[in-house]
Each structure stands twice: as structure tokens, then as C-alpha cells.
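Proteins come first, then strands; the chains are lettered A, B, ... in the order of their sequence lines, and each starts at number 1. Worth saying up front: this structure is predicted, and the values here are computed from it rather than measured.
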Amino acid sequence: DARVTQTPRHKVTEMGQEVTMRCQPILGHNTVFWYRQTMMQGLELLAYFRNRAPLDDSGMPKDRFSAEMPDATLATLKIQPSEPRDSAVYFCASGLVVLQRTFFYEQYFGPGTRLTVT
Amino acid sequence: AQKITQTQPGMFVQEKEAVTLDCTYDTSDPSYGLFWYKQPSSGEMIFLIYQGSYDQQNATEGRYSLNFQKARKSANLVISASQLGDSAMYFCAMREETSGSRLTFGEGTQLTVNP
């Protein structure tokens, strides 16, 4: 049963500290997404990658957030320095985009990382 | 402007009854896809059903069906024979041709199924 995995599941940190969240997409998937969910803003797309190349990171605060895919099995989202307003659940999702079905492809979500910045 | 609008913050339904969760969308793209996701209290996002803008028939997946009214720009989710396990937050989402792979989500509807 292939799943997207995310670590850590929970993270509590102090303001100013660096936070790194990791995601292992489903093997064979070529598209990876990072979302943030808060009560106020709902679900927001932060960034996504296709074949490890960043395609869109317009939803991400550039001054403190960075997203990378060092290899096909690992995506990272880093916040440095973290702030209390970054407290949220961060979801990673992956999907397989093929030419014939560019609209429909299911995004499989990971369990999320619940980040609390104090 | 909101691209996805879910006007029902909360809905209640009796077990075994059907329930409709509303979703309206706003796009000028001729090609787009509409999705529904379920988020139980455990937090994971579960894909339920998809409707393409050019699909002639309404999508169905088991107890889930999508009432797609293109002219009205609505894509309501119908859950038949509700079960206690259906209690969750439900999100409508859209992918537009011009937005690449970006999925835009609505604010969600919290469904509670009563025994």
C-alpha cells in the first residue's frame, strides 16, 4: 500500500529556529506538492515540483521558506528563521502526471507535519 | 475573487440519509477539473471524486456522486446512505488549465452524521 510519508509528524520549536520538514513521495510519482493548512487561510499551495524541478513556488514566502528535492525520493521544506505565524499543518502530496491526463491525476496526501512555533 | 466557494460551514445528516454539500466555482478557463477531498479528524486528506469540465456525465464513485451543473458553475457532492464514518471536513477543489498543476481549495464543510 503505497503512501506519502512525512517526518516529523509534530514539531514544536521556538521562534527564530530553523525547521526542516521531509517528505517521501510515492515511488514513481513525478509531481510533488507542499501545502499549508491553517484555520484562517485554509489550504494553500506553497510550491510544487515536476521531475524534481520547481515549477511554482509563488505561494511561498521567499525570505524564510525554501523547498528542494535533492532526489526523487525526498522533498524538503525549510523555514529559517521560523515565526509564530508559521504555525500550521504542512502537507506534502504527490501525483503522477501523464500527458494524456494532465487534468485528472489524483494527489495523494501525506499525514502532515503539525508545526507549532512559540 | 474566491475561486471555490463552499457556503455551508457545517452540515448535519441522519445516518442512512443522503446529503448534498455545495460547491460553486469561478473560472474563465474552458478546461478545468473539479475534485472533492475528505479530511477526517485524524487529519489526512482523502481523494473522493473528480469531474472534468468536458465530461458529459456526472461522476460517481460508490456512495459519492457529483452533481455537475456547468452553466451554474456548481459541483455539489452527494453522499448517499450516510454512515457515521462520513463525519469529516469536506473540501471542494479546482484545477484550471492556465494554473498548471495548482489545486485551489474551498474553505470546507464540516459534516456530522448523527446516529
Side-chain angles (χ1 to χ4, degrees), chain A residues 1-6 9-10 23 25-26 29-51 53-60 88-115, chain B residues 2-10 23 25 27 29-55 57 59-61 64 66 68 75 88-110:
Chain A
D1 188 20
R3 293 183 184 216
V4 176
T5 58
Q6 289 185 249
R9 294 294 310 278
H10 302 271
C23 166
I26 292 173
H29 282 187
N30 59 3
T31 307
V32 176
F33 304 81
W34 283 105
Y35 289 91
R36 176 171 63 184
Q37 186 177 33
T38 61
M39 288 295 293
M40 293 301 294
Q41 301 295 331
L43 267 159
E44 305 172 279
L45 178 68
L46 296 176
Y48 74 94
F49 295 77
R50 176 79 41 80
N51 297 321
L55 286 193
D56 185 349
D57 61 1
S58 60
M60 209 162 64
V89 180
Y90 291 82
F91 286 102
C92 175
S94 73
L96 176 62
V97 180
V98 296
L99 273 176
Q100 298 89 339
R101 304 183 81 187
T102 52
F103 268 116
F104 174 60
Y105 57 91
E106 187 176 337
Q107 286 186 27
Y108 293 85
F109 281 76
T113 294
R114 183 174 294 276
L115 174 65
Chain B
Q2 277 293 79
K3 283 195 174 282
I4 296 285
T5 303
Q6 295 180 252
T7 56
Q8 308 152 313
C23 172
Y25 59 92
T27 182
D29 284 5
S31 298
Y32 52 89
L34 297 156
F35 300 75
W36 277 91
Y37 282 84
K38 172 184 178 182
Q39 186 177 39
S41 57
S42 51
E44 72 269 33
M45 295 286 288
I46 302 166
F47 166 77
L48 295 178
I49 196 167
Y50 164 82
Q51 179 84 41
S53 59
Y54 291 117
D55 292 344
Q57 293 188 318
T60 61
E61 285 287 346
Y64 303 109
L66 205 152
F68 182 46
M89 184 73 92
Y90 288 80
F91 291 95
C92 180
M94 176 173 64
R95 178 178 291 127
E96 301 168 277
E97 182 176 27
T98 55
S99 67
S101 290
R102 176 182 293 272
L103 256 186
T104 303
F105 286 84
E107 295 183 346
T109 296
Q110 180 68 48

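In this structure, CD on A:Gln107 lies 7.0 Å from CZ on B:Phe35, to the nearest 0.5 angstrom. For the atom pair B:Gln39 CD and A:Gln37 CD, the distance stands at 4.0 Å (nearest 0.5 Å).
Contact of A:Arg50 with chain B is made through the side chain alone, with heavy-atom distances under 4.5 Å. Of the two parts of B:Leu103, the backbone and the side chain both hold a non-hydrogen atom closer than 4.5 Å to a non-hydrogen atom of chain A. Only the side chain of A:Phe33 comes within less than 4.5 Å of a heavy atom of chain B; its backbone N, CA, C and O stay farther away.
Among B:Tyr37, B:Phe105, B:Phe91, the one residue that satisfies the ring pair (Phe, Tyr, Trp, His ring centres under 6.0 Å) test with A:Tyr35 is B:Phe105.
Environment of CD in B:Glu44: crowded, with over 12 heavy atoms of neighbouring residues, nucleotides or ligands closer than 6.0 Å.
Here the shortest heavy-atom pairing between B:Arg102 and A:Ser58 reads NH2-OG, 2.9 Å.
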Only distances under 3.5 Å count here; give the side-chain donor-acceptor pairs of residues 39-49 of chain A to other protein atoms, sequence neighbours excluded, each with its distance to 0.1 Å.
residue	atom	partner	partner atom	Å
A:Glu44	OE1	A:Arg36	NE	3.4
A:Tyr48	OH	B:Ser101	N	3.0

